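Structure record follows, encoded as structure tokens.
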Protein chains: 2
Amino acid sequence: MKTYTECIPCFLRQALQASRFASDDPSVHERVLREVARAVSTMDMSKTPPEMGQLIHRVIRKETGIDDPYAVVKRRFNDLVLELYPRLKDKVAGADDPFETAVRLAIAGNIIDFGGGRSTDAIDVERSIGESLTKPLAGGALELLRSAADEASDILYIADNAGEIVFDRILIEELSPERVTLVVRGRSVLNDATIEDAGAVGLLEIVDVLPNGSDAPGTILDDCSEAVKTRFAEADLVIAKGQGNFETLSNVSRPVFFLLRVKCEVLAREIGYELGSVVVAKV
Amino acid sequence: MKTYTECIPCFLRQALQASRFASDDPSVHERVLREVARAVSTMDMSKTPPEMGQLIHRVIRKETGIDDPYAVVKRRFNDLVLELYPRLKDKVAGADDPFETAVRLAIAGNIIDFGGGRSTDAIDVERSIGESLTKPLAGGALELLRSAADEASDILYIADNAGEIVFDRILIEELSPERVTLVVRGRSVLNDATIEDAGAVGLLEIVDVLPNGSDAPGTILDDCSEAVKTRFAEADLVIAKGQGNFETLSNVSRPVFFLLRVKCEVLAREIGYELGSVVVAKV
């Protein structure tokens with residue numbers, strides 16, 4: 001997906017938020033914003049938004065010296081969702097359709113997203129659970145996903161954010177973890193899940209976890225390790241979570257199942273489902 | 001008031017909104033945003049936000065060839081509030097304290113502000129009337145304003161936005177128009193009131209109207225005509241409406257009464273009253 005003009009104010013908001021998480025010094029925030037503004041003024045809009053996100057977070061690391069400005073909020077959301085985990089597991093166990101419930105919960109977790117400078121206040125996990133369990137599913141691909149999952153012996157599951165990966169764990173457990181490889185980001189960027197987050201929520205003990213070798217808040221295949229590229233090409237089924245993965249993988253040559261909540265108007269227009277939609281789409 | 005880092009994403013949002021009002025061509029929006037981003041990357045943050053606003057709207061006029069992108073929404077809000085005018089006049093006439101009611105209504109009108117790329121949906125005039133009539137006044141200067149108005153024979157009233165000026169007309173009628181000179185912007189910028197708007201809402205027939213000679217969405221005195229500078233220095237009482245005027249006049253050497261609603265967190269912090277406050281302040 002290309003970058004739209006509407007993404008530009010969001011890049012600046014994102015840069016402001018991350019610089020504030022990293023530093024209390026307004027002169028640091030100012031330097032970051034100026035550098036991001038300069039990059040925006042000449043950026044290639046045919047590239048995907050996570051490519052600019054990657055650049056923004058490199059600027060932030062360089063200007064602040066802080067490797068992971070989102071460490072605190074990532075930990076907070078991992079812990080928060082771990083507390084919900086037993087209740088969510090009960091919900092799946094007691095459901096008429098445990099697979100659908102696990103898919104819907106995985107999508108519920110996608111609300112935990114600081115992309116575009118979204119504030120912590122906008123991240124209402126309980127509300128997202130309620131909506132994701134009850135809204136009609138958009139995208140029309142639940143049954144296709146169910147069949148593909150029934151047949152697959154090698155599932156690549158591309159994670160999105162910290163906190164959200166506890167919800168992913170529930171779906172992975174439903175898929176049976178021995179068939180699944182979980183791909184996480186190669187290093188800290190935004191509130192995206194890394195191998196440390198996978199460890200923090202117990203995923204390392206139940207599933208193979210593969211860091212993708214990249215510091216982009218999405219999956220830019222050209223920037224990923226050879227191992228990830230190969231697995232991506234060869235897996236029986238690829239499931240990708242969230243907006244950053246959609247933006248970077250919606251135009252690749254193999255089919256991918258996207259699970260996400262629509263959280264901005266640009267994505268709503270691109271994917272064709274309204275803001276707030278609970279989406280299972282095959283692209 | 002200086003420019004804060006939080007203002008930067010708003011500048012870009014503003015530029016996007018105005019370029020969309022002016023043109024349907026995404027390549028035009030892109031050129032505007034790139035040029036504004038470039039300007040932001042080197043801007044002098046000690047300057048006031050309306051100084052950047054002035055530059056943004058010059059870029060928009062240059063890139064789109066459209067002199068007044070907000071013409072349609074300005075007309076819409078002038079017409080909308082003119083329809084409310086008889087009811088609002090009745091409210092003042094029937095009030096225990098007609099002066100306070102007229103002041104509160106003038107502040108209610110300050111919700112009609114497209115600054116920072118605020119969307120039309122965020123401009124709920126009826127709600128603002130309700131809140132402005134009932135909330136406790138912040139700023140503590142209502143009685144000071146009443147006394148100053150009682151004694152003044154020469155009142156300079158600096159308008160802010162189209163639509164809003166119909167509310168201003170009600171307060172000006174309460175102050176008695178023969179004592180008042182109304183200052184408007186020197187040319188179209190954002191949804192700010194110009195002499196055309198003053199004419200459209202009947203103000204030219206009841207009060208002296210003085211365009212300020214500037215194309216900034218505020219009152220940058222150095223950029224105003226000599227007539228405005230002199231009147232500003234010599235008037236018995238200066239009343240200034242809204243955020244753009246506050247941002248540009250809060251540090252000048254003479255006392256000014258500011259009437260406004262607090263519509264962003266940066267102003268809330270600067271002025272010391274929370275978001276949504278209904279403010280009569282003497283600075």
Side-chain angles (χ1 to χ4, degrees), chain A residues 1-47 49 52 55-56 59-60 63-64 114-122 264-266 269-270 275, chain B residues 1-47 49 52 55-56 59-60 63-64 114-122 264-266 269-270 275:
Chain A
M1 170 181 147
K2 74 183 283 289
T3 296
Y4 292 90
T5 48
E6 292 103 310
C7 304
I8 293 178
C10 280
F11 290 143
L12 277 296
R13 215 158 52 225
Q14 173 81 82
L16 178 62
Q17 179 185 71
S19 65
R20 285 169 149 186
F21 279 152
S23 166
D24 290 332
D25 181 351
S27 71
V28 171
H29 310 161
E30 189 182 320
R31 276 208 311 279
V32 168
L33 283 172
R34 286 188 192 281
E35 194 160 340
V36 170
R38 200 173 309 121
V40 161
S41 74
T42 59
M43 75 176 285
D44 178 353
M45 303 274 289
S46 72
K47 297 211 165 169
M52 179 52 80
L55 184 149
I56 289 171
V59 168
I60 285 155
E63 292 290 348
T64 67
F114 285 83
R118 199 169 289 114
S119 75
T120 317
D121 294 346
C264 85
E265 289 291 356
V266 174
R269 210 174 50 217
E270 180 84 7
L275 206 63
Chain B
M1 170 182 147
K2 73 183 283 288
T3 295
Y4 292 90
T5 47
E6 292 104 310
C7 303
I8 293 177
C10 279
F11 290 143
L12 277 298
R13 212 157 55 225
Q14 173 80 81
L16 178 62
Q17 179 185 72
S19 65
R20 285 170 148 186
F21 279 151
S23 167
D24 290 333
D25 181 350
S27 71
V28 170
H29 310 161
E30 188 181 321
R31 276 208 310 280
V32 168
L33 284 172
R34 287 188 192 281
E35 194 160 338
V36 170
R38 201 173 308 120
V40 160
S41 74
T42 59
M43 75 175 286
D44 179 353
M45 303 274 288
S46 71
K47 296 211 166 168
M52 180 52 83
L55 184 149
I56 289 171
V59 168
I60 285 155
E63 294 289 349
T64 67
F114 285 83
R118 199 169 289 112
S119 75
T120 316
D121 295 345
C264 85
E265 289 292 356
V266 173
R269 209 173 51 215
E270 180 84 7
L275 206 63

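Note on naming: letters A, B, ... go to the chains in the order of the sequence lines (proteins, then strands), and numbering restarts at 1 for each one. In what follows, every heavy atom counts, from backbone to side chain, and hydrogens, waters and symmetry copies are set aside. Predicted model, so just to flag it, every value in this text is computed and none were measured.
Taking all atoms of both residues into account, the shortest heavy-atom contact from B/Phe114 to B/Thr120 is CE2-OG1, 3.5 Å. Nearest heavy-atom pair across B/Tyr4 and B/Glu270 is OH-OE1, 2.7 Å.
Checking side-chain atoms of B/Thr3 against main-chain N and O of B/Lys47 turns up a donor-acceptor pair under 3.5 Å. The closest donor-acceptor contact from the side chain of A/Gln17 to the backbone of A/Arg118 lies under 3.5 Å.
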Output, in order, the C-alpha distance, side-chain angles, deciding distance and verdict of side-chain contact (heavy atoms from CB on, under 4.5 Å) for A/Met1 and A/Val266. CA-CA 10 Å; A/Met1 170 181 147; A/Val266 174; 3.5 Å; yes

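Proximity to chain A involves both the backbone and the side chain of B/Glu6, based on heavy atoms less than 4.5 angstrom apart.
Taking non-hydrogen atoms and a 4.5 Å limit, the residue list of residues 25-34 of chain A in contact with chain B, ordered by number, reads A/Pro26, A/His29, A/Glu30, A/Leu33, A/Arg34.
For the pair A/Ile8/B/Leu16, no side-chain contact is recorded, criterion being any heavy-atom separation below 4.5 Å from C-beta on.
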